[in-house]
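Some notes on the structure that comes next.
As the structure is a prediction and not an experimental result, all values here were calculated from the model.
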Amino acid sequence: MRRLFIPAVAAMVLVGGCADEPSGCDGRLELSEAEGRKRPVAIEPSQRHPGISDSELEKAIPSPEFEAEPVEKVLNHLRQETLRMAGGIGRSGPGKCEGEVIRPRGESVRCSVSFEGVTVPWLVTSKGMTSGSTGAFSQDFVYTAQPLKTVHTAQSVYDLFSWETGKNGTTEGPLAPVDPRCDRLPRVFSAEPGEDTGYFCQDISVSCTDGIQHIQWSDRAIHVDEHGRLSFRA
């Protein structure tokens, strides 16, 4: 959400001037006067939601047959989730697990897949077996998967910030984004779950204090949650 605001208080507190005398906050924004560091990549706000659709994901990595081995199903799922996390279609290796995936409830095994040559480790934790939906004697292996490292693309970050600044459809007025930008990111990069990536996006923040307009670049840290989802922290 944009935080661009220009309180109209200056005109009411002018002392010793004419009633219609303009305040210092009524002029045009001069971006060249903005305080702070200007990031190099310009972002065009958009209302297009970023990410990969389920159909695109299924086409890139088709689901295995019902009769496939549990480890094949688990690794296939991890490959799909890695592409979803990366936010784009790319080369994905078959992956492997360091032991049996079917384990007693609560036990875990480490599995790894790859995206564009970057290894992405996951922790697969067993929730046990449950009856399947295709017959009384069939069973499904139930588990959770937690990324131990995350992987992202520069384009997925740019697309997400484009949507973040343009999703409300505002092009002018106090809520309109002003010159959103990001760092020049590596084409593919890893991050730690639950941590800031060390990269930033930004836009212009404007405020008015005692008739003086303050313009600055407002940085937003690119953050990854424990599930590998990106967000922008002020």
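Looking only at side-chain heavy atoms (C-beta outward), H152 and V224 come within less than 4.5 Å of each other. Within the 4.5 Å cutoff, the side chain of D225 has no heavy atoms near those of the S231 side chain. By the 4.5 Å heavy-atom criterion applied to side chains, K149 and E192 are counted as neighbours. At least one side-chain heavy atom of T82 sits under 4.5 Å from a side-chain heavy atom of V151. Between F115 and V188 the shortest side-chain heavy-atom distance falls below 4.5 Å. At least one side-chain heavy atom of R84 sits less than 4.5 Å from a side-chain heavy atom of L57. Counting only heavy atoms from C-beta outward, the side chains of S92 and R79 approach each other to under 4.5 Å. Put simply, the side chain of F232 does not reach to within 4.5 Å of the side chain of F200, judged on heavy atoms.
Here the CD-CD1 distance, from E81 to I61, works out to 10.0 Å after rounding to the nearest 0.5 Å. Rounding to the nearest 0.5 Å gives a distance of 10.5 Å between CD of Q216 and CG of D203.
Residues L230 and V118 fall into different hydrophobic clusters, defined by Ile, Leu, Val, Met, Phe, Trp and Tyr side chains chained together at heavy-atom separations under 4.5 Å. V120 and V109 end up in the same hydrophobic cluster when Ile, Leu, Val, Met, Phe, Trp and Tyr side chains are linked at under 4.5 Å. A chain of hydrophobic side-chain contacts below 4.5 Å, direct or via other Ile, Leu, Val, Met, Phe, Trp or Tyr residues, connects I43 to I222. Both V71 and W122 belong to a common hydrophobic cluster when Ile, Leu, Val, Met, Phe, Trp and Tyr are linked at side-chain heavy-atom distances under 4.5 angstrom. There is a path of hydrophobic side-chain contacts, each under 4.5 Å, that joins W163 to V41.
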Quiz prompt | Q146/T125 under side-chain hydrogen bond (donor to acceptor under 3.5 Å, both in side chains): CA gap, chis, key distance, verdict | solution = CA-CA 8 Å; Q146 190 79 15; T125 303; over 6 Å; no
Quiz prompt | Residue pair T150, H227: steps toward the side chain to side chain contact (heavy atoms under 4.5 Å, CB included) verdict | solution = CA-CA 8 Å; T150 66; H227 301 292; over 6 Å; no
Exercise. With side chain to side chain contact (heavy atoms under 4.5 Å, CB included) as the test, would you mind laying out the steps for V206 and I204 before giving the verdict?
Key: CA-CA 7 Å; V206 180; I204 288 289; 3.7 Å; yes
Self-check item: Step-by-step side chain to side chain contact (heavy atoms under 4.5 Å, CB included) determination, Y143 to V101
Solution: CA-CA 9 Å; Y143 61 96; V101 296; over 6 Å; no
Exercise. Starting from the C-alpha separation in whole Å, work towards a yes-or-no answer on side chain to side chain contact (heavy atoms under 4.5 Å, CB included) for I89 and I52.
Key: CA-CA 8 Å; I89 303 299; I52 309 172; 4.0 Å; yes
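Here the closest non-hydrogen pair linking A234 and R220 is CA-CG, 4.3 Å. Across every non-hydrogen atom of R181 and F161, the tightest pair is O-CE2, 3.7 Å. Counting all heavy atoms, side chain and backbone alike, G93 lies closest to V113 at O-CB, 4.5 Å. Shortest non-hydrogen contact noted between C111 and L75 is CB-CD2, 4.2 Å. Closest approach of P45 to P177, counting heavy atoms only: CG-CG, 3.8 Å. Of all the heavy atoms in Q80 and S63, the pair that sits closest is NE2-OG, 3.8 Å.
No donor-acceptor contact under 3.5 angstrom links the side chains of E44 and S162, judged on distance only. Counted by atom type alone, S218 and S205 present zero donor-acceptor pairs between their side chains at under 3.5 Å. Side-chain contact check for E56 and S53: at least one donor-acceptor pair (N or O, by modelled atom type) lies under 3.5 Å.
Comment: E164 engages K167 in a salt bridge, judged by a side-chain N to carboxylate O separation of less than 4.0 angstrom. The pair D219-R39 counts as a salt bridge, with a side-chain nitrogen and a carboxylate oxygen less than 4.0 angstrom apart. Salt bridge R233/D196: present, at least one basic N to carboxylate O contact under 4.0 Å.
Judged by distance alone, with hydrogens and angles left aside, the side-chain atoms of Q202 form a donor-acceptor pair with the main-chain N or O of R37 at under 3.5 Å. The closest donor-acceptor contact from the side chain of T165 to the backbone of P180 lies at 3.5 Å or more, if one exists at all. With hydrogens and angles ignored, the 3.5 Å screen pairs no side-chain donor or acceptor of K59 with any backbone N or O of D54.
Other residues, nucleotides and ligands contribute at most 12 non-hydrogen atoms within 6.0 Å of the CD atom of E69. Residue E100 places its CD atom among 12 or fewer non-hydrogen atoms of other residues, nucleotides or ligands, all under 6.0 Å distant. For Q47, the CD atom sits in a packed shell: over 12 heavy atoms of surrounding residues, nucleotides or ligands are nearer than 6.0 Å.
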Show me the donor-acceptor pairs, under 3.5 Å and distance only, between side chains in residues 153-160 and residues at least two apart or in other chains.
from: T153; atom 1: OG1; to: A86; atom 2: O; distance (Å): 3.2
from: T153; atom 1: OG1; to: S156; atom 2: N; distance (Å): 3.0
from: T153; atom 1: OG1; to: S156; atom 2: OG; distance (Å): 3.2
from: Q155; atom 1: NE2; to: D159; atom 2: OD1; distance (Å): 2.8
from: S156; atom 1: OG; to: A86; atom 2: O; distance (Å): 3.2
from: S156; atom 1: OG; to: T153; atom 2: N; distance (Å): 3.4
from: S156; atom 1: OG; to: T153; atom 2: O; distance (Å): 2.7
from: Y158; atom 1: OH; to: D183; atom 2: O; distance (Å): 3.1
from: Y158; atom 1: OH; to: L185; atom 2: N; distance (Å): 3.0

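Note that K127 lies outside the cation-pi zone of F141, set by a 6.0 Å cut-off to the ring centre and a 45° limit from the axis.
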